[in-house]
Amino acid sequence: MRLSEERTDRAAGVLLATATGDALGAGYEFTTPGPDVVIDMIGGGLGSFAPGEWTDDTSMALAIAEVAATGVDIAAGPGLDAVAAQFVRWYESGPTGIGVQTSAVLSKRPASADEMRRIAAVISGRRSGNGSLMRTAPVALAYLGDADGCLRAARAIGLLTHHDERAVEACEMWTYAIRHAVLNGTFDGLLEYLEGASTGARDYWAPLLDRAERGTPADFPNNGWVVDALLTAWWAITTTDATGPEHLQRALEQAVRAGHDTDTTAAIAGGLLGARWGASAVPARWTRMLHGWPGYRAADLERLAVRTARGGDDLEGWSSSPIVD
Ligand SMILES: [Mg+2]
């Protein structure tokens with residue numbers, strides 16, 4: 001898809017802000033930082049991450065983006081198989097901090113998407129964990145020109161590891177909202193998704209989203225669960241001043257302050273915030289620090305995101321020179 005300069009910035013922001021939220025939250029996992037704590041990329045946490053290093057959330061998103069950036073359809077067939085193979089390849093790199101359910105599926109080293117999905121459907125793990133939602137952002141970039149394809153791919157890739165209807169709906173809804181934000185620069189996509197969703201999904205999610213907008217993290221404390229993870233991200237986005245691009249930074253810090261699974265809730269929020277405000281809204285201090293599997297830095301994330309959004313087209317020089325501080 002051909003993109004305007006503004007849409008290009010927003011597409012680049014999707015992976016960049018996912019990774020920013022992830023690396024910010026990594027040092028606070030399973031703590032609840034008080035209001036006087038400055039939220040920064042301090043590193044540490046459960047995986048002893050370096051300051052600025054992203055975790056499994058971003059790495060799995062990159063595994064998807066690497067395939068999507070070739071222009072192949074990742075909703076089915078060889079493209080979906082390639083995504084499954086990238087997940088296994090990442091797993092074999094020995095990552096720390098990998099989720100329980102994802103680990104249970106990938107440790108069987110399934111040889112195809114079909115096999116991965118079948119294992120995920122029968123395994124007695126935590127099928128409704130937040131592990132499929134945390135990595136779904138790049139799917140939106142791959143289907144900017146195709147709303148139905150976006151939902152199909154979000155569902156198919158979610159089901160590779162998390163066989164749970166709420167997890168699938170969460171992936172569909174958030175991916176749809178990210179796509180909408182890249183195209184239109186608003187957060188309206190979440191409600192637009194619900195308008196087109198089944199009555200069951202609408203009746204379940206609409207009151208919850210409403211409550212998130214008016215509640216506190218204590219109302220959705222179990223954010224290792226996909227539903228509470230989405231609500232935490234939505235709470236962070238809707239309860240911080242959204243009048244300008246500083247909203248991105250404020251809402252990411254807010255997501256971390258909610259506590260518990262901080263890298264994941266901030267990564268989830270980051271996908272949508274980056275889609276709305278663009279790569280240009282990510283503070284340079286954080287951009288400079290970012291790094292992680294497979295040896296990437298911020299500029300690599302931006303290039304990969306834009307290539308994904310362009311369906312594998314060449315970059316025609318866009319941001320192909322090294323970042324100048
Ligand atoms: Mg993580």
Side-chain angles (χ1 to χ4, degrees), residues 14-33 39-65 86-107 125-139 157-158 160-162 167 170-171 174 217 222-230 232-233 236 252-274 286 289-296 298 301:
V14 169
L15 287 181
L16 186 66
T18 294
T20 301
D22 186 358
L24 262 187
Y28 304 91
E29 207 176 359
F30 300 112
T31 70
T32 305
I39 304 297
D40 206 350
M41 290 184 178
I42 57 172
L46 297 188
S48 301
F49 296 101
E53 185 178 6
W54 59 72
T55 78
D56 56 337
D57 312 61
T58 304
S59 299
M60 293 197 82
L62 294 179
I64 295 170
Q86 280 288 78
F87 283 173
V88 173
R89 186 182 144 236
W90 164 74
Y91 179 80
E92 289 184 332
S93 75
T96 52
I98 179 169
V100 178
Q101 170 73 7
T102 300
S103 177
V105 174
L106 298 185
S107 63
R126 238 181 122 187
R127 294 186 208 168
S128 61
N130 58 24
S132 57
L133 177 61
M134 72 182 194
R135 65 181 189 227
T136 198
V139 177
I157 291 172
L160 286 179
T161 53
H162 288 67
C171 289
W174 208 253
N222 182 20
N223 63 31
W225 177 39
V226 67
V227 174
D228 281 8
L230 186 146
T232 301
L252 288 182
E253 291 168 352
Q254 182 88 324
V256 174
R257 286 187 200 288
H260 305 288
D261 203 354
T262 47
D263 57 320
T264 296
T265 56
I268 293 167
L272 184 52
L273 286 160
W286 290 344
M289 293 177 76
L290 271 181
H291 67 281
W293 184 90
Y296 284 177
L301 303 184

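Owing to the predicted nature of the structure, the values given are computational and were not obtained by experimental measurement. Counting starts at 1 for both ligands and their atoms, in listed order.
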query: Does the side chain of W90 reach to within under 4.5 Å of the side chain of P294, using non-hydrogen atoms?
result: no
Atom name of the N, O or S atom in D263 that lies nearest to the Mg ion (ligand 1): OD2
field: No-hydrogen, no-angle side-chain donor-acceptor test under 3.5 Å, D40 and W286
entry: yes
- prompt: Any luck finding a side-chain donor-acceptor pair between R135 and T264 under 3.5 Å?
  reply: no
message: Is D57 close enough to the Mg ion (ligand 1) that one of its N, O or S atoms comes in under 2.8 Å?
response: yes
- prompt: Are T265 and N223 close enough that a side-chain donor and a side-chain acceptor fall under 3.5 Å?
  reply: no
task: Give a yes or no on whether T55 keeps an N, O or S atom under 2.8 Å from the Mg ion (ligand 1).
output: yes
message: Nearest N/O/S atom of D56 with respect to the Mg ion (ligand 1), by atom name, please.
response: OD1
